[in-house]
Undergrad: 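Here it is, the structure in full.
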There are 2 protein chains.
Amino acid sequence: MSMNYDKYAHEPFAVTADLAVLTIRDGVLKVLLVERGQEPYKGHWALPGGFVQPDESAETAARRELAEETGLSDVSGLHLEQLRTYSEPDRDPRMRVVTVAFTALLPHLPEPHGGSDAAQARWVPYDTAGPLAFDHDRILADAHERVGAKLEYTCLATAFCPPEFTLGELQQVYETVWGTALDRPNFRRKVLATPGFVEPVPGAARLTGGRGKPAALYSAGTATALHPPLLRPTPEGRPA
Amino acid sequence: MSMNYDKYAHEPFAVTADLAVLTIRDGVLKVLLVERGQEPYKGHWALPGGFVQPDESAETAARRELAEETGLSDVSGLHLEQLRTYSEPDRDPRMRVVTVAFTALLPHLPEPHGGSDAAQARWVPYDTAGPLAFDHDRILADAHERVGAKLEYTCLATAFCPPEFTLGELQQVYETVWGTALDRPNFRRKVLATPGFVEPVPGAARLTGGRGKPAALYSAGTATALHPPLLRPTPEGRPA
DNA sequence: AGCTTTTATAGTCATCACGACTATAAAGAG
DNA sequence: CTCTTTATAGTCGTGATGACTATAAAAGCT
């Protein structure tokens, strides 16, 4: 049939952009949620999101929503990625809503607030985030899986970190998202052996906050891909 | 704002499902295209697709379109994967159309035909497929990139092959999609060392079509992931 | 028949990535 | 001034892999 607009009737759809905004706070993976103020799912938590406006792409709408919900003045540099689209006919009981889901990765921020919007946005630990409104549990699970997979073969982990970070903090990103412990010397060797993953901060800056030997500071490099990949430990008896 | 349906007006969108259907014929990567019979882009080639109906998900619509365009009676077993959603406001000059793009992988089929639909569907070599209508060039390029990447870490390549195939045919899938030559003994070793990738056809069946020593026949295994991955040769001076 | 060509399959070898360790250095806590 | 804690520097063996060489089994010649 191939897009015959005149011959085939089409029902209007509402299109929304929903966001799975993830961060790591205190070694815990957290997701930004809003509390619904009306039916359906009134009182339930949900992923932030909203309608795509007539002059917007879904990406633009997602970035606008991200700015509104986090209250950040500049979200242009944040990592925002289209996850997938959810279009089951009954996913919203009121009307036909197709949602384009996005994933955003944020470093540890001062404190979130509802922004200019009245809706309360809060960081909730990933493990205790369900059950959410609509099919948002599945969207959140898909986002988690996607991020975990992308850590393997991209330099995405630095998106969770502040501008300057230690290798220990970077390792904690992997450990928190994957839920597994990693060997510290091996992690260090792997990261430093990948050109463009991290760059040492000039001036021999070191972080000496807590106990122990102070750690060297690094900043995110220019590379985006990771070759060869940094594979997570095989959970089962998989080969190699 | 988080999905306040009553407070915020929303313009109706049309939602379509478009398909990048890929196959390998005669060692060439080909894509299924339809010729547009009306404006805009009349006479241009485009990816097959159509409107998502009120009672369908985008996945269901895509599978229905796939059956209509290919004329296949059973498309339930074919590999169909959501690629991403394209929602630029000006991507269709007539109205606001958001399309959910899918990628389908088909083995070499007898001959395609317009199916029950009047639109002519034809296999076109990937390299000579452009320029297409709307933003379909980009969708097709995204599909190619996605498939190339998934060949690395999944057993997806068998989806291009008939039920029984030789390792040479499987290797040609990789070489055609990636556009690079692979070492045959190494490819063989890698595939056979991956449990569940391919299974030998019982009865010591062998294919002795052309010249040379007849090749053993294999069928697709049950595994879906590839650990460790089968990385494509590094195009540039990347590490290892 | 014999020879060549062609493709499939078997094996070798060196390198490199990586998991599992051990060892040392530099800070704070008691 | 030692003990603990964290960062960093190595070591060692194994396995995956790229680059080869070698052999087997068919078709096509002359």
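Protein chains get the first letters and strands the later ones, always in sequence-line order, with residue 1 at the start of each.
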Undergrad: Mind checking what makes side-chain hydrogen bond (donor to acceptor under 3.5 Å, both in side chains) contact with R189(B), not counting sequence neighbours?
TA: N186(B)

Undergrad: Can you confirm whether S57(A) sits close enough to S87(B) that some side-chain heavy atom of one is under 4.5 Å from a side-chain heavy atom of the other?
TA: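 Yes. Closest side-chain heavy atoms under 4.5 Å.
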
Undergrad: Could you check L167(B) against L231(A) and say which one's nearest nucleotide on DNA chain C is further toward the 5' end?
TA: L167(B)

Undergrad: Can you measure L226(B) atom CG to dA16(D) atom P for me and round it to whole angstrom units?
TA: 13 Å

Undergrad: Only counting residues at least two apart or in another chain, list the ones meeting side-chain hydrogen bond (donor to acceptor under 3.5 Å, both in side chains) with D137(B).
TA: none

Undergrad: What is the separation between atom CG on L192(B) and atom P on dT9(C), rounded to the nearest whole Å?
TA: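 My rounded result for the distance is 9 Å.
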
Undergrad: Taking Y174(A) for its side chain and L151(A) for its backbone only, find out whether a donor-acceptor pair lies under 3.5 Å.
TA: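 Between the backbone of L151(A) and the side chain of Y174(A) there is a qualifying donor-acceptor contact (under 3.5 Å).
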
Undergrad: Name the residue from T158(B), L170(B), L192(B) that meets the side-chain contact (heavy atoms from CB on, under 4.5 Å) definition with Y218(B).
TA: L192(B)

Undergrad: Consider only side-chain N and O atoms of D18(A) and Y86(A), and report whether a donor and an acceptor are under 3.5 Å apart.
TA: no

Undergrad: Closest-nucleotide mapping onto DNA chain D: is K213(B) or L230(B) further toward the 5' terminus? I mean the 5' end.
TA: L230(B)

Undergrad: Between the protein and nucleotides 28-30 of chain C, list every N/O to N/O distance that falls short of 3.5 Å.
TA:
none

Undergrad: Among residues 171-190 of chain A, which residues get a heavy atom nearer than 4.0 Å to DNA chain D?
TA: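 Per residue number, the list reads R184(A), P185(A), R188(A), R189(A).
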
Undergrad: In this structure, how many angstroms lie between the P atom of dT17(D) and the NE2 atom of H227(B), rounded?
TA: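 Going from H227(B) (NE2) to dT17(D) (P), I get 12 Å.
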
Undergrad: Applying side-chain hydrogen bond (donor to acceptor under 3.5 Å, both in side chains), name anything that partners S219(A), two or more places apart in sequence or on another chain.
TA: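 Partners of S219(A) by the side-chain hydrogen bond (donor to acceptor under 3.5 Å, both in side chains) criterion come out as none, since no residue qualifies.
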
Undergrad: For A143(B), give me all partners under side-chain contact (heavy atoms from CB on, under 4.5 Å), at least two apart in sequence or on another chain.
TA: A20(B), L83(B), T103(B)

